[in-house]
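Shown next, in structure tokens, is the structure this report addresses.
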2 protein chains.
Amino acid sequence: MTTSIEQDKVTDKRTVILQTTLQLLSERGFHNTPMSLIAEEAGVAAGTIYRYFDNKETLINELFLDLKREMLQHAMARIEPGDTTEEQFRKVWRNFFHYYVTHEDEMRFVEQHHNSPFQSGDVLAAVEEMYAPFANMFAVGVADGSFRELPMEMTSVYIYDVVLAFAKRQLSGKLKMTDELLEEAVQISWDAVKGT
Amino acid sequence: MTTSIEQDKVTDKRTVILQTTLQLLSERGFHNTPMSLIAEEAGVAAGTIYRYFDNKETLINELFLDLKREMLQHAMARIEPGDTTEEQFRKVWRNFFHYYVTHEDEMRFVEQHHNSPFQSGDVLAAVEEMYAPFANMFAVGVADGSFRELPMEMTSVYIYDVVLAFAKRQLSGKLKMTDELLEEAVQISWDAVKGT
DNA sequence: ATCAAAAGAATGAATGTTCATTCCTGTCGT
DNA sequence: ACGACAGGAATGAACATTCATTCTTTTGAT
């Protein structure tokens, strides 16, 4: 009786729990969000959460990895093999920015997780792997002279941290990124890392 | 029997409590650090903490403001009224970097505090005030054409978030900032914000 | 200078609360 | 009737905070 369509629409309590957790944790912080509240908001009993997740830490870490995956997926959107390195760089920059600005909860949650005691070794390793496409893009760019010969960790400042900083300011209302400002910011980052 | 020198050296439990709190919270996170542990590590009874601070939140917020003050003090070190805007900008950039790199606990604690539910209205207002000298430096720089006509919030990305990102990478061992790289990074930030 | 008494500081066991997690029941689809 | 799934009360550990008591320092009268 249960078609796959109905299943997706109604149940999948696992998904509901994850979404609720994301929303609550991003708003209230990790500590201030008891499992009982997650259960209540998800319309589920406390015990039910433990059918899907071993414990709170697991729940949080699985959510974190899901979001990282989704985020990096977005970052790579519309990248074509034929694009020049510069085009790829600019697209990724804008993709990141767009994702953060339209996914505030996700950003806040991931940022909170970033400096928290939940960052275990396995999680770090899993994240490391996800960045492989970027490491590759960087290696190619350096090899053909599109990127300066700087350490990748330095280049990443201008395509990751800078973008994040702009997104935060935009979301907090402290800065309104017009198309012009956005283009300026992208240009600054590209100038910072491009080859001579 | 008790000279003022001995007093300063031995007592001032308030200071001991604050220092211990800084160290523990930066390592273990806000919520993984019970007051009982702070007391133990500080060599003080649990109840004693409450002679000096109303509660845990107050303790954390007072520590936060102390550190912010100290941090901004360092950022302004060696700035002379006669310095050009460019000189000032470069000095502040390096001062920030140096402070973070040599004060890892402080950096971690402040960063953790930054996205946490302890960020109350009063704290934000107090921090806002501390930034006045920078706002002033920016206003002067824009007026005389040293800075581009960008929103201050945009300029601050290149003297605050970028520096923080570099310091974090340096501390995590992912990046070794040589003198050359440091000079490059400063130059990139200055190019990003300088007037035409 | 001495000492009793008051003031101030520190202690740590006790309290009450808040959780994460468990476990016993009930329900529903087959 | 069975088993997987869900419910939610019950459990117990962890924790922030309190407070009656003890220890230390200061005061001031002689």
Side-chain angles (χ1 to χ4, degrees), chain A residues 1-25 27-64 109 112-113 116-118 120, chain B residues 1-25 27-64 109 112-113 116-118 120:
Chain A
M1 272 307 113
T2 319
T3 72
S4 66
I5 287 175
E6 278 178 22
Q7 241 178 15
D8 289 343
K9 190 173 56 177
V10 180
T11 26
D12 210 352
K13 305 214 173 204
R14 203 189 126 89
T15 304
V16 174
I17 292 167
L18 282 171
Q19 284 171 343
T20 306
T21 302
L22 167 60
Q23 195 213 317
L24 286 176
L25 292 214
E27 281 173 7
R28 313 177 36 111
F30 289 4
H31 55 307
N32 200 26
T33 309
M35 293 294 264
S36 55
L37 181 61
I38 295 176
E40 193 181 335
E41 290 283 310
V44 142
T48 303
I49 295 180
Y50 289 86
R51 300 201 65 74
Y52 296 97
F53 304 94
D54 283 354
N55 50 48
K56 193 176 185 181
E57 181 171 350
T58 302
L59 166 60
I60 288 177
N61 280 335
E62 284 196 29
L63 177 57
F64 174 75
F109 174 84
Q112 261 192 269
H113 194 280
S116 87
F118 292 98
S120 69
Chain B
M1 272 301 115
T2 319
T3 73
S4 67
I5 286 175
E6 278 176 24
Q7 243 179 14
D8 289 341
K9 191 170 56 173
V10 178
T11 30
D12 209 353
K13 307 218 172 197
R14 203 188 126 91
T15 303
V16 174
I17 291 168
L18 282 171
Q19 284 170 344
T20 305
T21 302
L22 167 60
Q23 196 212 318
L24 286 175
L25 292 213
E27 281 172 9
R28 313 178 36 112
F30 288 4
H31 305 294
N32 202 24
T33 310
M35 293 293 264
S36 54
L37 181 62
I38 296 175
E40 194 181 335
E41 291 283 310
V44 141
T48 304
I49 297 179
Y50 290 86
R51 294 198 63 74
Y52 296 97
F53 304 94
D54 282 353
N55 51 47
K56 192 176 186 181
E57 181 172 347
T58 302
L59 166 60
I60 288 177
N61 280 335
E62 284 196 28
L63 177 56
F64 174 76
F109 174 83
Q112 262 190 270
H113 195 280
S116 88
F118 292 97
S120 68

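Computation of the quantities below employed the complete heavy-atom set of this structure, encompassing side-chain atoms and omitting hydrogens, waters and symmetry-equivalent molecules.
The side-chain heavy atoms of Asn55(B) and Met35(B), taken from C-beta on, include no pair separated by under 4.5 Å. Side-chain contact between Phe30(B) and His31(A) is absent, with no heavy atoms from C-beta onward closer than 4.5 Å. The closest side-chain heavy-atom distance from Ile60(A) to Phe109(A) is below 4.5 Å. Considering only heavy atoms from C-beta on, Lys13(B) comes within 4.5 Å of Tyr52(B) through its side chain. The closest side-chain heavy-atom distance from Phe64(B) to Phe118(B) is not below 4.5 Å.
In this structure, the CZ atom of Arg51(A) is 15 Å from the P atom of dG3(D), given to the nearest Å. Taking atom CD1 of residue Ile49(A) and atom P of nucleotide dT22(C), one finds them 13 Å apart after rounding to whole Å. Atom CG of Leu59(A) and atom P of dA20(C) are 10 Å apart (whole Å). Between the CZ atom of Arg14(B) and the P atom of dA10(C) there is a distance of 13 Å, given to the nearest Å. For Leu24(B) and dC15(D), the CG to P distance is 13 Å, given to the nearest whole Å. Counting to the nearest Å, the P atom of dC15(D) and the CG atom of Leu25(B) are 13 Å from each other. Leu37(B) places its CG atom 16 Å from the P atom of dG12(C), with the value rounded to the nearest Å. Rounding to whole angstrom units, CD of residue Glu40(B) and C1' of dT11(C) are separated by 15 Å.
Contact between the side-chain N/O atoms of Tyr52(B) and the OP1/OP2 oxygens of dA10(C) is found at a separation under 4.0 Å. Distances shown here put every side-chain N or O of Lys13(A) at or beyond 4.0 Å from the OP1 or OP2 atom of dA4(D).
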May I have the list of side-chain donor-acceptor pairs in residues 16-24 of chain B shorter than 3.5 Å, sequence neighbours left out?
| residue | atom | partner | partner atom | Å |
| --- | --- | --- | --- | --- |
| Thr20(B) | OG1 | Val16(B) | O | 2.8 |
| Thr21(B) | OG1 | Ile17(B) | O | 2.7 |
| Gln23(B) | NE2 | Glu27(B) | OE2 | 3.4 |

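Among residues two or more places apart in sequence or in another chain, the side-chain contact (heavy atoms from CB on, under 4.5 Å) test is passed with Glu40(A) by Leu37(A).
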Scan nucleotides 16-19 of chain D against the protein and return all N/O pairs shorter than 3.5 Å with their distances rounded to 0.1 Å.
| residue | atom | partner | partner atom | Å |
| --- | --- | --- | --- | --- |
| dA16(D) | OP1 | Lys56(B) | NZ | 2.6 |
| dA16(D) | OP2 | Met35(B) | N | 2.6 |
| dT17(D) | OP2 | Tyr50(B) | OH | 2.8 |
| dT17(D) | OP2 | Lys56(B) | N | 3.0 |

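Phe53(B) comes within contact range of no nucleotide atom at all, as no heavy-atom separation falls under 4.0 Å.
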